[in-house]
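Below is one structure, written out as structure tokens; comments come after it.
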Protein chains: 2
Amino acid sequence: MIIVWMKEGITMDQNKIPQATAKRLPLYYRFLNNLNQQGKKRVSSKELSEAVKVDSATIRRDFSYFGALGKKGYGYNVEYLLGFFRKTLDQDETTEVALIGVGNLGTAFLHYNFMKNNNIQIQMAFDADPEKVGTDIGDVPIYHIDELEEKLNGIKVAILTIPAHETDQVTDRLVEQGIDGILNFTPARITVPNHIRVHHIDLAVELQALVYFLKHYPLQVDQADK
Amino acid sequence: MIIVWMKEGITMDQNKIPQATAKRLPLYYRFLNNLNQQGKKRVSSKELSEAVKVDSATIRRDFSYFGALGKKGYGYNVEYLLGFFRKTLDQDETTEVALIGVGNLGTAFLHYNFMKNNNIQIQMAFDADPEKVGTDIGDVPIYHIDELEEKLNGIKVAILTIPAHETDQVTDRLVEQGIDGILNFTPARITVPNHIRVHHIDLAVELQALVYFLKHYPLQVDQADK
DNA sequence: ATATTATTGTGAATTTAGTCACGACTTCCA
DNA sequence: TGGAAGTCGTGACTAAATTCACAATAATAT
Ligand SMILES: NC(=O)c1ccc[n+]([C@@H]2O[C@H](COP(=O)([O-])OP(=O)(O)OC[C@H]3O[C@@H](n4cnc5c(N)ncnc54)[C@H](O)[C@@H]3O)[C@@H](O)[C@H]2O)c1
Ligand SMILES: NC(=O)c1ccc[n+]([C@@H]2O[C@H](COP(=O)([O-])OP(=O)(O)OC[C@H]3O[C@@H](n4cnc5c(N)ncnc54)[C@H](O)[C@@H]3O)[C@@H](O)[C@H]2O)c1
């Protein structure tokens with residue numbers, strides 16, 4: 001077995017962009033979009049910092065990976081920066097997504113459908129329940145999961161909101177169809193070939209972790225908490 | 001203005017537990033619970049690693065912050081480890097939570113209500129819509145947001161699933177009532193006094209970040225991807 | 001018994017992320 | 001025009017997290 005490793009971040013474009021930075025980009029983008037809509041022309045790392053709650057040095061550092069986007073003594077030009085990020089985040093082309101599992105969570109996502117500030121659209125949904133199949137939710141058609149192979153049509157990103165015990169089976173079929181990325185809301189940790197990227201969002205874990213932090217990590221006490 | 005800083009992680013119990021470790025604890029706990037229910041008696045860091053997708057050295061390191069929980073050459077005793085984590089994660093006492101905003105997401109959470117493997121329970125919900133007030137969802141009563149002060153009754157943790165533009169106003173009221181922690185699903189970054197812990201889960205950002213990674217961070221290509 | 005195999009716990013090394021602090025440059029006002 | 005104020009970009013530092021790699025030890029088989 002020959003394995004070719006392309007370590008992350010040293011390939012393709014010149015992306016040496018740290019992962020931590022990459023995760024913050026959509027946040028910056030959204031906020032810049034707001035500013036722009038408000039007609040704001042310039043913004044400093046300090047202002048941004050207060051709004052997105054990221055240290056201003058971190059913001060400057062993040063931006064600097066893309067070159068010198070600002071002007072010393074001035075700040076950043078909102079429109080320019082926004083345009084830059086639009087290109088960087090590929091906001092011009094829409095990414096099509098499939099959602100699997102139209103239950104409580106899945107339905108919520110379909111109603112919301114991420115199209116507010118961004119380039120991502122749920123194109124179709126699948127469910128195993130015949131009751132749900134055939135209806136639309138917010139213009140998104142719901143197909144039966146048996147039609148996955150037939151309908152998926154080259155979609156590369158999937159959101160998984162099915163019961164945990166169905167996860168492996170469905171994942172295998174998605175992999176078979178050439179999926180590239182999965183946003184997994186089930187508590188199951190899935191196994192996929194390593195060219196596929198999976199992000200887990202484990203809501204129960206998030207809540208438990210918050211509670212754990214509250215009990216065990218007392219925060220700063222500011223005696224003049226105004 | 002006098003500020004007393006208690007830096008995180010050097011206070012109270014002997015917790016020098018790194019944050020990254022703390023965030024993984026609920027995950028470990030859940031998986032150990034599964035194992036135990038399956039009647040499994042022992043488990044190695046390698047097995048755990050495959051199941052939860054965390055490097056086995058990281059798992060051993062994580063556990064080691066709590067002392068020597070395993071046996072060399074053997075692994076970990078599932079029951080013992082589980083018992084240990086139950087205590088550590090305070091799984092015996094239930095944490096009461098309030099949910100604010102019974103919309104798409106909020107309703108999904110109410111139906112789910114986290115009580116599966118853990119000690120967290122949504123006790124009550126609030127909404128501004130009179131249509132929703134008065135009904136119950138899965139035994140959780142829905143009150144009008146105007147009753148917040150009256151009903152909240154010392155609850156220390158809140159889940160926020162309201163529209164972004166309502167966030168500051170509602171947050172201030174929660175703070176006023178002495179909330180300790182907020183799990184914020186709105187895209188708004190909220191400002192709170194620094195003894196209050198806020199975790200953001202920004203679903204749109206997560207999805208955008210996944211797409212960004214797919215386009216810009218080609219993963220390892222395994223030529224014998226079996 | 002003894003050898004073989006499995007697996008921990010942890011120092012040390014490495015990698016990744018975050019922050020400080022300041023020189024360089026811009027803007028803006030008097 | 002000159003100087004004060006503001007802000008970036010970044011080298012150097014610090015901190016946090018991960019991973020390597022191996023001695024120590026336990027379980028098991030023969
Ligand atoms: N709802 C929440 O608040 C919440 C919180 C944390 C985690 N989760 C996790 O998210 C997932 C979904 O949760 P939910 O509350 O929406 O569950 P749900 O039961 O409401 O929805 C699951 C949906 O998947 C469908 N389904 C079942 N098998 C399928 C298959 N093979 N192919 C396609 N569809 C199939 C069902 O018909 C159902 O509509 C679960 O894994 C759950 O553990 C949910
Ligand atoms: N639904 C999703 O998939 C999704 C995805 C990403 C982010 N979000 C964010 O999560 C939040 C909730 O989303 P949603 O889709 O559930 O929205 P929603 O509009 O369906 O629900 C919001 C609910 O909050 C209630 N509300 C409004 N003002 C209130 C107040 N002052 N006090 C109490 N309740 C109030 C409304 O009556 C409504 O029931 C939003 O901020 C949204 O941006 C949602």
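Chain letters run A, B, ... following the sequence lines, proteins first, then strands; residues in each count from 1. What's counted below: heavy atoms across the whole structure, side chains too, no hydrogens, waters or symmetry copies.
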Which of the following nucleotides, D/dC20, C/dT8, C/dG18, is nearest to the side chain of B/D55?
D/dC20
Taking the minimum atom-to-atom distance to the side chain of B/R42, which one of C/dT27, D/dC8, D/dA27 wins?
D/dA27
Taking D/dG9, D/dT7, C/dT27 as options, the one with an atom nearest any side-chain atom of A/Y74 is C/dT27
Going by distance alone, is a donor N or O of one side chain under 3.5 Å from an acceptor N or O of the other, for A/N104 and B/Y112?
no
Mind checking B/Y76 for me? I need base, sugar-phosphate or nothing, with any heavy atom below 4.0 Å counting as a touch.
sugar-phosphate
Using a cut-off of 4.0 Å on non-hydrogen atoms, how would the nucleic acid contact of B/S45 be classed: base, sugar-phosphate, or nothing?
sugar-phosphate
Ignoring the backbone of A/T58, work out which of C/dG18, D/dA17, C/dT7 is nearest its side chain.
C/dG18
B/Y29 six-ring face occupied by B/R86 cation (under 6.0 Å, within 45°):
no
Distance to the ring centre below 6.0 angstrom and angle to the axis at most 45 degrees; does that hold for A/R42 and A/Y74?
yes
Among D/dT7, C/dT10, D/dT18, the one nearest any side-chain atom of B/S64 is C/dT10
From C-beta outward on B/P18, which listed nucleotide comes closest to its side chain: C/dA24, D/dA17, D/dT19?
D/dA17
Any N/O donor-acceptor pair, B/R61 side-chain to D/dT18 base, under 3.5 Å
no
